[in-house]
Undergrad: 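Structure in structure tokens, see below.
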Amino acid sequence: MSGSRYTKMSSQVIEKMENELAFKGSCQDLPLSSSYEAAMEALSSLITRQKRGDRTPVGGKFGKLERMSIYLRILGLEEKISGLKVIHVAGTKGKGSTCAFCEAILRECGFRTGLFTSPHLIDVSERFRLDGLDVSEDKFLIYFWDCWSQLKENVSEDLPMPPLFQFLTILAFKIFISEQVDVAIIEVGLGGKKDSTNVIKEPVVCGITSLGLDHMEALGNTLGEIASHKAGIFKPQIPAFTVPQLSEAMDVLEETAGGLMVPLQVAVPLDIQRWGGDTLSLSGDHQLVNAGLAVSLCKCWLQRTGNWEKLLEKKQDEVAAGLELPPAFVRGLSTARLSGRAQIVHDTPLMFNGSADTSENSGELTFYLDGAHSPESMEACARWFSGATKANKTSTPLSSPPSTSFNVLNMKSFWGNGCLNYENDCVQSSNKMSKQILLFNCMDVRDPQILLPRLVNICGSSDVSLDKSSKMDSVDSLPPHELLYQDISHCSPTDRNFACSAVMPSLPLTIKWLRDCVKENPSLRLQVLVTGSLHLVGDVLKLLRR
């Protein structure tokens with residue numbers, strides 16, 4: 001959210017905020033500056049500037065979880081958290097999707113839901129959902145300034161202000177408790193054992209999504225070490241579910257569960273032929289695994305809160321026999337949403353010179369956005385993109401720290417013929433020339449030479465090795481549009497021939513270049529895969545929204 005209308009808040013809004021604060025009896029006077037921008041500036045001051053994995057303490061004499069407990073005590077939330085009926089979810093990939101499925105299912109079951117996820121793609125309010133919608137600006141500001149002012153009054157050398165993620169976690173608890181949600185679905189930020197969300201002592205049920213080698217700088221270099229961190233959310237005798245894992249990870253999960261007397265079960269991936277709906281709302285075969293876990297978590301939550309029998313009614317025998325899911329489950333799985341994961345955005349009509357060009361006057365520009373950033377999720381992204389472009393599917397567009405430069409790579413320079421052989425069929429049927437573009441960026445803690453080959457291996461017919469020494473220097477000008485029409489037979493990253501690739505000076509100029517290309521050629525269809533980083537995906541979505 002940005003723009004002049006957020007610079008100052010109206011007297012009516014401030015009065016409304018003050019009245020609600022007074023009514024709740026839990027907030028002090030609002031600061032004089034209550035604008036959204038002021039809140040964002042305050043949040044920015046909590047960024048520690050540490051690199052991920054840096055073990056340097058934030059400051060003070062308390063550990064992270066001990067500090068979290070003190071913050072919650074200051075806000076009067078420590079005891080109230082036990083009243084939240086929490087689904088707590090950790091994992092390497094699929095956490096956000098699983099949480100989104102859980103939220104939608106239980107909302108369709110008639111419960112007031114609260115969902116806390118990370119990171120946000122465009123606006124921080126995305127992290128907090130009430131009944132499936134991002135928290136409103138008014139409510140965000142009420143709860144933000146309440147938490148901020150109380151914590152500020154109690155800071156000391158031993159207890160500094162919480163860093164960004166800790167503050168946002170505290171804010172989530174404040175929102176969900178104040179809004180009296182029936183269920184709080186909480187996604188772990190990083191790891192599990194020492195994550196700020198692990199201040200939850202008695203969740204209703206815990207979930208562990210698929211595990212892989214990611215965040216190794218913070219969680220360890222082996223799958224077993226990573227699994228140990230994730231299993232840190234297990235609580236004594238609290239039921240937990242996971243998905244099929246590699247034995248190295250499963251052994252650790254089972255050992256940890258056994259020591260805490262945790263009944264751990266492996267959730268079966270959703271059988272798309274028997275689940276009773278048309279398609280999942282989140283695309284990709286890997287979502288069947290996440291959906292299966294969400295079904296198990298929601299069923300357990302309903303059982304432990306005494307709501308399962310009420311939900312089933314006459315469907316009890318059929319569901320117990322595994323013949324179908326309750327209708328509310330089907331509706332939830334069919335409507336759950338999560339921006340930046342297997343998301344398709346059609347950039348039409350395009351705006352040029354202040355007027356909209358229809359598809360008749362310009363080519364087609366479609367963005368396929370997926371925040372994959374681990375080797376396993378990159379494979380899933382490649383399978384999804386391959387299938388989505390083959391089917392030429394359409395979907396309704398849904399409406400972050402910037403990076404410095406972005407590679408725009410004609411995907412045929414990587415994939416050769418492979419899964420793109422269908423292009424001639426598409427051209428004949430639609431009279432448009434299809435070109436696939438890769439817009440890729442990854443954070444400095446990850447290795448593109450590990451991630452990019454996963455795309456190649458899934459979508460290409462030949463192996464490609466990428467040498468770190470083959471980086472190109474940044475450019476000050478945009479490449480000619482003729483880059484798209486290069487003879488791809490001469491493009492070979494293996495031979496360090498990057499005739500079909502370019503380094504762009506900035507992301508806004510990249511989007512402009514792509515739009516100009518389709519404006520210039522009405523017969524052109526550009527299919528742009530944006531992946532490698534959720535930050536990149538968020539930046540692209542923000543630019544497309546303008």
Side-chain angles (χ1 to χ4, degrees), residues 89 91-105 115 117-122 126 129 132 187 209-210 212 214 243 269-270 272 275 277-294 332-347 365-400 411 419 436-442 451-452 454-455 458-459 526-542 544-545:
V89 180
T92 302
K93 56 186 184 294
K95 298 193 301 291
S97 298
T98 299
C99 288
F101 280 132
C102 286
E103 187 281 326
I105 289 172
L115 173 64
T117 59
S118 59
H120 62 273
L121 298 183
I122 298 176
E126 298 168 26
R129 283 196 212 167
E187 178 189 353
T209 64
S210 298
D214 195 23
V243 300
L270 189 68
I272 200 65
W275 79 290
D278 294 326
T279 58
L280 292 174
S281 58
L282 302 180
S283 302
D285 291 342
H286 60 290
Q287 294 294 359
L288 296 174
V289 175
N290 299 327
L293 177 58
L333 293 169
S334 302
T335 58
R337 64 178 180 86
L338 190 65
S339 295
R341 278 76 163 185
Q343 180 179 357
I344 301 175
V345 176
H346 301 278
D347 194 41
L365 178 57
T366 304
F367 290 87
Y368 298 77
L369 303 110
D370 191 86
H373 52 267
S374 70
E376 296 84 1
S377 60
M378 194 63 68
E379 291 181 0
C381 171
R383 288 191 292 269
W384 162 71
F385 178 72
S386 176
T389 51
K390 281 181 181 178
N392 196 25
K393 293 178 180 177
T394 60
S395 67
T396 302
L398 302 175
S399 92
S400 16
M411 297 191 86
C419 71
Q436 286 72 38
I437 305 290
L438 172 63
L439 180 54
F440 180 85
N441 182 54
C442 67
L451 298 182
L452 279 175
R454 299 296 180 120
L455 284 173
I458 296 295
C459 294
L526 291 186
Q527 298 168 316
V528 185
L529 174 60
V530 183
T531 190
S533 165
L534 277 169
H535 298 307
L536 172 62
V537 168
D539 288 341
V540 171
L541 283 172
K542 188 173 184 179
L544 296 181
R545 179 184 284 185

Undergrad: Using side-chain contact (heavy atoms from CB on, under 4.5 Å) as the criterion, point out the one residue from Leu282, Leu288, Asn290 that pairs with His286.
TA: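 By the side-chain contact (heavy atoms from CB on, under 4.5 Å) criterion, His286 pairs with just one of Leu282, Leu288, Asn290: Asn290.
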Undergrad: If you compare all heavy atoms of Lys95 against all heavy atoms of Val89, which two are closest, and at what distance to 0.1 Å?
TA: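 Closest approach of Lys95 to Val89: CD-O, 4.0 Å.
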Undergrad: Can you see which heavy atom on Leu541 is nearest to which on Gly340, and at what distance?
TA: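 Shortest heavy-atom separation between Leu541 and Gly340 comes out as CD1-N, 4.4 Å.
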Undergrad: When rounded to the nearest 0.5 angstrom, what is the spacing between CD in Glu379 and NZ in Lys93?
TA: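 Answer for the CD-NZ pair, Glu379 versus Lys93, is 8.5 Å.
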Undergrad: If you take all heavy atoms of Ala336 and Ala100, which pair is closest and at what distance?
TA: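 For Ala336 and Ala100, the tightest heavy-atom pair comes out as CB-O, 3.6 Å.
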Undergrad: Once you round to the nearest 0.5 Å, how far does CD of Gln287 lie from CG of Leu270?
TA: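 Between Gln287 CD and Leu270 CG, I get 11.0 Å after rounding to 0.5 Å.
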Undergrad: Can you check whether Gly132's main-chain N or O pairs, donor with acceptor, with Arg337's side chain at less than 3.5 Å?
TA: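 Flag set: sc Arg337 to bb Gly132 pair under 3.5 Å.
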Undergrad: Determine the minimum heavy-atom distance between Ala291 and Leu333, stating which atoms define it.
TA: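 Closest approach of Ala291 to Leu333: CB-CD2, 3.9 Å.
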Undergrad: Identify which one of Val537, Leu544, Asp539 satisfies the side-chain contact (heavy atoms from CB on, under 4.5 Å) criterion when paired with Val530.
TA: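 Single pass found, and it is Val537.
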Undergrad: How many angstroms lie between CD in Gln343 and CH2 in Trp384, if you round to the nearest 0.5 Å?
TA: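 These two atoms lie 8.5 Å from each other.
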Undergrad: Taking all atoms of both residues into account, what is the closest heavy-atom pair of Leu529 and Cys381, and its distance?
TA: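 Residues Leu529 and Cys381, closest heavy atoms: CD1-SG, 3.9 Å.
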Undergrad: What distance separates Asp370 CG from Leu536 CG, expressed to the nearest 0.5 Å?
TA: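 Output value for this atom pair is 11.5 Å.
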Undergrad: Do Leu438 and Thr531 have side-chain heavy atoms sitting under 4.5 Å apart?
TA: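 Yes; the side chains approach each other to less than 4.5 Å.
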Undergrad: Out of curiosity, Gln527 CD to Ile344 CD1, how far, rounded to the nearest 0.5 Å?
TA: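 With rounding to 0.5 Å, CD (Gln527) is 9.5 Å from CD1 (Ile344).
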Undergrad: Could you tell me whether the side chain of Asp285 reaches within less than 4.5 Å of the side chain of Arg383, counting heavy atoms only?
TA: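 Sidechains of Asp285 and Arg383: no contact.
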Undergrad: What are the two closest non-hydrogen atoms of Ala372 and Ser377, and how far apart are they?
TA: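 Taking every non-hydrogen atom into account, CB-O, 3.4 Å.
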Undergrad: Rounded at 0.5 Å granularity, tell me how far CG in Leu534 sits from CG in Leu369.
TA: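 Between Leu534 CG and Leu369 CG, I get 10.5 Å after rounding to 0.5 Å.
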